[in-house]
Participant: 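Let me give you the structure first, and then I'll get to my questions.
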Amino acid sequence: MSRLSQAFPIVEWLPRYKRRELKGDITAGLTVAVMIIPQAIAYGLLAGVPPEVALYASIVPMFVYVLLGTSRELSVGPAALISLMTAQAIHEVRPGAEMAGPEWVATAILLAVIVGAVQLGLGLVRLGAVVQFLSRPVVSGFMSAAALIIAGSQIGLLMGTSVKGEGFFATIWAAVQAIPEAHLYTVILAAACIVVMAVAKVKLKGFPMPFVLVVLTTALSFFFGFRELGVAVVGPVDGGIPVPVVPDASWEQVQNLLPYAVPIALVGFLESISVSKAYAFQHHYEVDANQELRAVGLSNLLGGLFGGYVVTGNISRTVVSAQAGAKSQIYALITASLVLLTVIVLAPLFEHLPKAMLAAMIVVAVAGIVDVKEARRLFSFKKRDASALVITFGATLALGVEVGILTGVAAALILHLYQTTTPHMAVLGRLPGTSHWRDIKRFPSALIEDDVIVIRIDESLYFANAPSLQDAVEHAYNVHPAHPRGFVLDCVAINDLDSTAIDTLQQIADEMKLEETQLCLAGLSGPMHDILEASGCLDHIGEEYLFTTVHEAVLSFGVGEPTEEYQPAPTRLLQRERIKGTEGLDVDGKDAAAI
C-alpha cells in the first residue's frame with residue numbers, strides 16, 4: 001500500500017468500485033439523508049446551536065470522511081451524546097452565553113476545531129488504542145446515564161415551559177415543580193409524537209417516521225399557527241452554502257476548552273470505532289483505528305472551519321446505512337449532497353418546525369441506549385465489571401458526563417488493581433486414576449497427598465499481590481494434615497514477575513528449606529524461567545526442581561501414581577539444550593519460548 005493510499009484510502013477502493021454496487025449506495029444515501037436532516041436539527045437543538053450549524057456539521061465532515069475513512073458504512077455527523085457534551089462544555093466555559101447566540105455558536109465552532117485537532121494528533125502518533133481504557137462496562141454505564149441526562153434535558157421542550165436545574169436530579173425536581181406551568185398543546189403534541197415514533201420503531205422497522213412527522217408537524221404548524229397558540233418553533237433558518245470561518249479565539253479560550261475537548265474526542269471516537277469495527281467484522285474487511293482517528297479528527301477540524309460543531313460516527317444512522325445496502329462511502333457522498341441541497345433550497349421551510357417534535361425525536365432515539373440487560377448480565381457472572389458499570393452510571397448522573405467518564409475509567413482500573421492484589425489461588429488434588437490436578441473445592445473427589453502440597457496461582461505476581469501469595473502458602477502449609485516434603489506451585493497462569501514477587505519466591509524457598517520442605521515450580525513459561533534465572537532466584541530453588549507439569553513434580557517425591565496416559569517429560573535442562581538455536585521454531589509441536 002502506497003503512502004498516498006494510506007493517507008487517502010479512497011485512492012485504493014475507488015478504482016475497484018463496481019457499477020453493480022451503485023444501487024445499494026444510492027438507496028442507502030437517500031435513506032440516511034431522509035434520517036439525518038431532522039436528526040441533525042434535533043441534535044443541534046440539544047447542543048444549543050442553530051439548525052443551519054447542525055446541517056453544516058452534516059455536510060463538510062461527511063465529505064472529508066469519504067476521502068479519509070476506512071469504514072464502508074459509517075455515517076459521520078451530529079450525535080446525541082456528543083451534542084450533550086458540547087452543550088455542557090460551553091455552559092461551563094461560557095456560563096453567561098445565550099444558547100444559539102453568537103458567543104455560544106463561536107464557542108461550539110472552536111470546540112469542534114480543538115476536538116478535531118486532538119483526534120488528529122492522536123491518530124498521527126498512532127494512539128488509536130487509547131480507547132481501550134474505556135472498557136465495555138464503563139461505556140455501558142456512561143451511555144445509559146447519558147441517555148437519561150439527554151432525555152432530562154428535553155423535558156422543558158416537551159412541557160412547553162422553562163425547566164432549569166444544575167445536574168440531572170435537579171432538572172427532574174425542577175420539572176416536577178413546573179408541572180402546573182406546562183403548556184397543554186405542547187404536551188399533547190410531544191406525547192403524540194413520542195407514541196407514534198415508539199410504535200413505528202417496533203412495528204414499522206426501517207420506516208422513516210421521524211422524517212414524516214417533521215413534514216407533518218411543520219405543515220400543521222404553518223396552517224394552524226402553532227406559534228400563535230404558544231407552541232415553540234425553530235424559527236428562521238439561515239441557509240446557504242457553508243463557507244470557511246476563522247474561529248475568533250484567544251489562547252486562553254483554547255486552554256479553557258481543552259479539558260472538555262479531550263473526553264469529547266475520546267468518547268466520540270469510541271462511538272465511531274465501535275460501530276465501524278462491528279460492521280467491518282461482519283462484512284470481512286479491516287478498519288484502521290489510527291486512520292479512523294485521523295479521518296474523524298480532520299472531519300471535525302474542517303467541519304468546524306466551515307461553521308459546524310462537533311461530530312462523530314453515529315451508531316443509529318450507520319445501522320440504517322448498512323441495512324439499506326451501503327457498499328462504500330459513495331452513499332455518504334449522496335447523503336451529503338442532498339443535505340447541502342436542502343440547506344441551499346429548503347432551509348426556510350424549517351422555520352415552523354415545532355421544537356417539541358424534535359425533543360420527542362431525541363427522547364425516542366436515546367431510549368434504547370439505556371442498557372438494563374447488560375447490567376443484569378454482568379451482575380450474574382462478573383461483579384467487578386458490574387460495579388464499574390454502576391459507579392460510572394451513578395457518577396455520570398450525579399457529576400455530569402465529563403467527570404462521569406473519567407470516574408468510570410478510574411473506577412475500572414482501581415477495581416482491576418484491587419482484584420489483582422487478591423488473586424485466586426487453589427489447593428489442588430489429583431483426580432483418581434489420572435494425572436490431572438484440580439481445585440479440591442470444585443472436585444471433592446480429588447486426592448491430596450500427605451507428603452506434597454500443590455497450589456495453583458491464577459494471576460501474574462507483582463508487588464501488590466506478593467504478600468497474598470506468602471499468606472496463602474503459609475495457610476496451606478499450616479492446615480495440611482502432615483508435614484510435607486514438597487510444596488508445588490502450579491505457575492501456568494503466571495506471565496509476569498516483578499522484583500518484589502521474585503524476592504517473595506526466594507524467601508518462601510529459603511524458609512521451606514529450614515522446615516525441610518522443598519519448593520517446586522511447575523508449568524513455568526520460558527520467559528518467566530529466564531527472569532528467575534537472571535535474578536538468581538533459581539539458586540535458592542534449584543534448577544532440578546522446575547517441572548513441566550504438576551504431576552511430574554509430585555512424582556519426583558516418590559508419591560502419587562503414574563498412569564497410562566502420563567508420559568514423563570524430559571527434564572528442564574534437557575529441554576533447554578534441545579531448543580538452543582531454535583528461537584521461534586516449534587520443538588516437538590511446542591513453541592520454543594513456552595517450554
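Position 1 is the first residue of the sequence, and the numbers go up from there. For the numbers below, each heavy atom of this structure counts, side chains included, while hydrogens, waters and symmetry mates do not. Computed from a prediction, not measured in an experiment: that's the story for all the values here.
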Participant: Check whether the side chains of Thr70 and Glu286 place a donor and an acceptor atom closer than 3.5 Å, and report yes or no.
Facilitator: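 Side-chain D/A pair, Thr70 to Glu286: absent.
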Participant: Would you say the side chain of Leu81 lies within less than 4.5 Å of the side chain of Met143, judging by non-hydrogen atoms?
Facilitator: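 In contact.
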Participant: Are the side chain of Arg376 and the backbone of Val372 linked by a donor-acceptor contact shorter than 3.5 Å?
Facilitator: no
Participant: Hey, could you give me the OG1/CD distance between Thr500 and Gln507, rounded to the nearest 0.5 Å?
Facilitator: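 Going from OG1 on Thr500 over to CD on Gln507, the span is 11.5 Å.
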Participant: Check the orientation of Tyr477 and His483. Use parallel for under 30°, tilted for 30 to 60°, and perpendicular for over 60°.
Facilitator: perpendicular
Participant: Could you report the tightest heavy-atom contact between Leu148 and Phe393, atom names first, then the distance?
Facilitator: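 The answer is CD1-CZ, 3.6 Å.
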Participant: Would you say the side chain of Arg442 lies within less than 4.5 Å of the side chain of Arg438, judging by non-hydrogen atoms?
Facilitator: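 Side chain of Arg438 against side chain of Arg442, heavy atoms only: no contact under 4.5 Å found.
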Participant: About how many Å separate CD of Gln506 and CD of Glu511, when rounded to the nearest 0.5 Å?
Facilitator: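 Spacing of CD (Glu511) from CD (Gln506) equals 11.0 Å.
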Participant: Give a yes or no on whether the backbone of Phe379 and the side-chain of Lys383 come within a donor-acceptor separation of less than 3.5 Å.
Facilitator: yes
Participant: For residues 261-274, run the donor-acceptor check on the side chains, cut-off 3.5 Å, and write out each pair with its distance to 0.1 Å, sequence neighbours left out.
Facilitator:
| residue | atom | partner | partner atom | Å |
| --- | --- | --- | --- | --- |
| Ser274 | OG | Leu270 | O | 3.0 |
| Ser274 | OG | Glu271 | O | 3.0 |

Participant: Atom SG of Cys520 and atom CE of Met512: how far apart are they, to the nearest 0.5 Å?
Facilitator: 9.5 Å
Participant: Between the side chains of Ser460 and Asn495, is a donor N or O closer than 3.5 angstrom to an acceptor N or O?
Facilitator: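 Yes.
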Participant: With distance as the sole test, does His480 use its side chain to make a donor-acceptor pair with the main-chain N or O of Asp450 at under 3.5 Å?
Facilitator: yes
Participant: Check the surroundings of atom CZ in Phe557: do more than 12 heavy atoms from other residues, nucleotides or ligands lie under 6.0 Å from it?
Facilitator: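 Atom CZ in Phe557 is packed in, count exceeds 12.
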Participant: Just so I know, are the side chains of Arg430 and Ser435 near enough to count as touching, which here means a heavy-atom distance under 4.5 Å?
Facilitator: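 Arg430 does not reach Ser435 side chain to side chain.
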Participant: Under 3.5 Å, side chain of Lys513 to main-chain N/O of His540, donor-acceptor pair present?
Facilitator: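 Yes.
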Participant: Looking at Lys327, I'd like to know if its NZ atom is crowded, meaning that more than 12 non-hydrogen atoms belonging to other residues, nucleotides or ligands lie closer than 6.0 Å.
Facilitator: no
Participant: Report the residue from Glu474, Glu459, Met425 that forms a side-chain contact (heavy atoms from CB on, under 4.5 Å) with Leu469.
Facilitator: Met425
Participant: Would you sort out whether Arg456 and Trp437 count as a side chain to side chain contact (heavy atoms under 4.5 Å, CB included), showing the intermediate values?
Facilitator: CA-CA 10 Å; Arg456 188 185 69 233; Trp437 292 73; over 6 Å; no
Participant: Arg384 versus Leu378: any side-chain heavy-atom pair under 4.5 Å?
Facilitator: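 SC-SC contact between Arg384 and Leu378 ruled out.
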Participant: Just to verify, what does Ser144 make a side chain to side chain donor-acceptor pair (under 3.5 Å) with, not counting sequence neighbours?
Facilitator: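 Applying side chain to side chain donor-acceptor pair (under 3.5 Å) to Ser144 gives none.
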Participant: In Å and rounded to the nearest 0.5 Å, what is the CZ to CG distance from Phe487 to Leu489?
Facilitator: 6.0 Å
Participant: Is it true that a side-chain atom of Thr517 and a backbone atom of Pro484 form a donor plus acceptor pair closer than 3.5 Å?
Facilitator: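 A pair under 3.5 Å: yes.
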Participant: Sequence neighbours excluded, which residues qualify as side chain to side chain donor-acceptor pair (under 3.5 Å) partners of Asp496?
Facilitator: none
Participant: What pairs with Glu374 under salt bridge (charged side-chain N to carboxylate O under 4.0 Å, His left out), at least two apart in sequence or on another chain?
Facilitator: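 Salt bridge (charged side-chain N to carboxylate O under 4.0 Å, His left out) list for Glu374, sorted by chain: Arg136, Arg377.
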Participant: Checking the side chain of Ser321 only, and the main-chain atoms of Glu73 only, is there a donor and an acceptor separated by less than 3.5 Å?
Facilitator: yes
Participant: Tell me, with the steps shown, if Ile494 and Ile457 meet side chain to side chain contact (heavy atoms under 4.5 Å, CB included).
Facilitator: CA-CA 7 Å; Ile494 298 177; Ile457 311 161; 4.0 Å; yes
Participant: As a quick check of understanding, evaluate side chain to side chain contact (heavy atoms under 4.5 Å, CB included) for Asp490 and Ile455, giving each step before the final call.
Facilitator: CA-CA 6 Å; Asp490 186 351; Ile455 286 184; over 6 Å; no
Participant: Check Val311 against Val296 and note the closest heavy-atom contact, atom names and distance.
Facilitator: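 Closest pair (atom of Val311, atom of Val296, distance): O-CG1, 4.4 Å.
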Participant: Can you sort out the partners of Asp510 under salt bridge (charged side-chain N to carboxylate O under 4.0 Å, His left out), two or more places apart, ordered by chain and number?
Facilitator: none
Participant: Please check if any side-chain donor atom of His475 sits under 3.5 Å from a side-chain acceptor atom of Gln470, or the reverse.
Facilitator: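 Checked: His475/Gln470 side chains show no N/O donor-acceptor pair below 3.5 Å.
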Participant: Using side-chain heavy atoms (C-beta onward) and a distance below 4.5 Å, is Val488 in contact with Ile453?
Facilitator: no
Participant: Answer whether the closest heavy-atom distance between the side chains of Arg294 and Arg126 falls below 4.5 Å.
Facilitator: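 Of all side-chain heavy-atom pairs linking Arg126 with Arg294, at least one is under 4.5 Å.
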Participant: Going by side chain to side chain donor-acceptor pair (under 3.5 Å), name the residues that satisfy it together with Ser71, two or more places apart in sequence or in a different chain.
Facilitator: none
Participant: Looking only at non-hydrogen atoms, find the nearest pair between Phe142 and Thr392 and report the distance.
Facilitator: N-CG2, 3.6 Å
Participant: Side chains of Pro423 and Ser468: closer than 4.5 Å at any heavy-atom pair?
Facilitator: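 Counting from C-beta outward, Pro423 and Ser468 do come under 4.5 Å.
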Participant: Taking atom CZ as the centre, does Phe281 end up with more than 12 heavy-atom neighbours from other residues, nucleotides or ligands that are less than 6.0 angstrom away?
Facilitator: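 Result for CZ/Phe281: open.
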Participant: Is the backbone N or O of Phe463 less than 3.5 Å from a side-chain atom of Asp498, with the two atoms forming a donor-acceptor pair by type?
Facilitator: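 Answer holds: yes.
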Participant: Roughly how far apart are Ser328 OG and Tyr17 OH, rounded to 0.5 Å?
Facilitator: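 Answer for the OG-OH pair, Ser328 versus Tyr17, is 4.0 Å.
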Participant: Got a donor-acceptor contact below 3.5 angstrom from the Gln329 side chain to the Leu74 backbone?
Facilitator: yes
Participant: Does a donor on one side chain sit under 3.5 Å from an acceptor on the other, for Tyr462 and Thr420?
Facilitator: yes
Participant: In this structure, which one of Leu461, Leu546, Leu521 forms a side-chain contact (heavy atoms from CB on, under 4.5 Å) with Cys491?
Facilitator: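 The passing option is Leu521.
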Participant: Can you see which heavy atom on Leu122 is nearest to which on Asn290, and at what distance?
Facilitator: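 Smallest heavy-atom distance, with atoms named: O-OD1, 4.5 Å.
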Participant: Looking at every heavy atom in both Val11 and Ser5, which two are closest together, and how far apart are they?
Facilitator: CB-CA, 4.3 Å
Participant: Can a salt bridge be assigned to the pair Asp25 and Lys23 using a cut-off of 4.0 Å between side-chain N and carboxylate O?
Facilitator: no
Participant: What distance separates Arg317 CZ from Met35 CE, expressed to the nearest 0.5 Å?
Facilitator: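 CE of Met35 is found 7.0 Å from CZ of Arg317.
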Participant: Without swapping roles, check the side chain of Gln88 against the backbone of Met85 for a donor-acceptor pair under 3.5 Å.
Facilitator: no
Participant: Are Arg72 and Tyr279 in a cation-pi setup, meaning NZ or CZ lies under 6.0 angstrom from the ring centre and within 45 degrees of the ring axis?
Facilitator: no
Participant: Would you say that Asn300 contacts Gln119 through its side chain, given a criterion of any heavy-atom pair below 4.5 Å between the two side chains?
Facilitator: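 A side-chain contact under 4.5 Å exists here.
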Participant: Under 3.5 Å, side chain of Lys382 to main-chain N/O of Ser380, donor-acceptor pair present?
Facilitator: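 No, Lys382 side chain to Ser380 backbone: no donor-acceptor pair under 3.5 Å.
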Participant: Can you list the steps and then say if Tyr65 with Glu292 is a side chain to side chain donor-acceptor pair (under 3.5 Å)?
Facilitator: CA-CA 9 Å; Tyr65 186 82; Glu292 288 296 294; 2.7 Å; yes
Participant: Set out, in order, the CA-CA distance, both residues' side-chain angles and the distance that settles side chain to side chain contact (heavy atoms under 4.5 Å, CB included) for Val138 and Leu389, then state yes or no.
Facilitator: CA-CA 5 Å; Val138 169; Leu389 186 153; over 6 Å; no
Participant: For the residue pair Ala464 and Thr421, what are the closest heavy atoms and their distance?
Facilitator: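 Minimum heavy-atom contact is CB-CG2, 3.5 Å.
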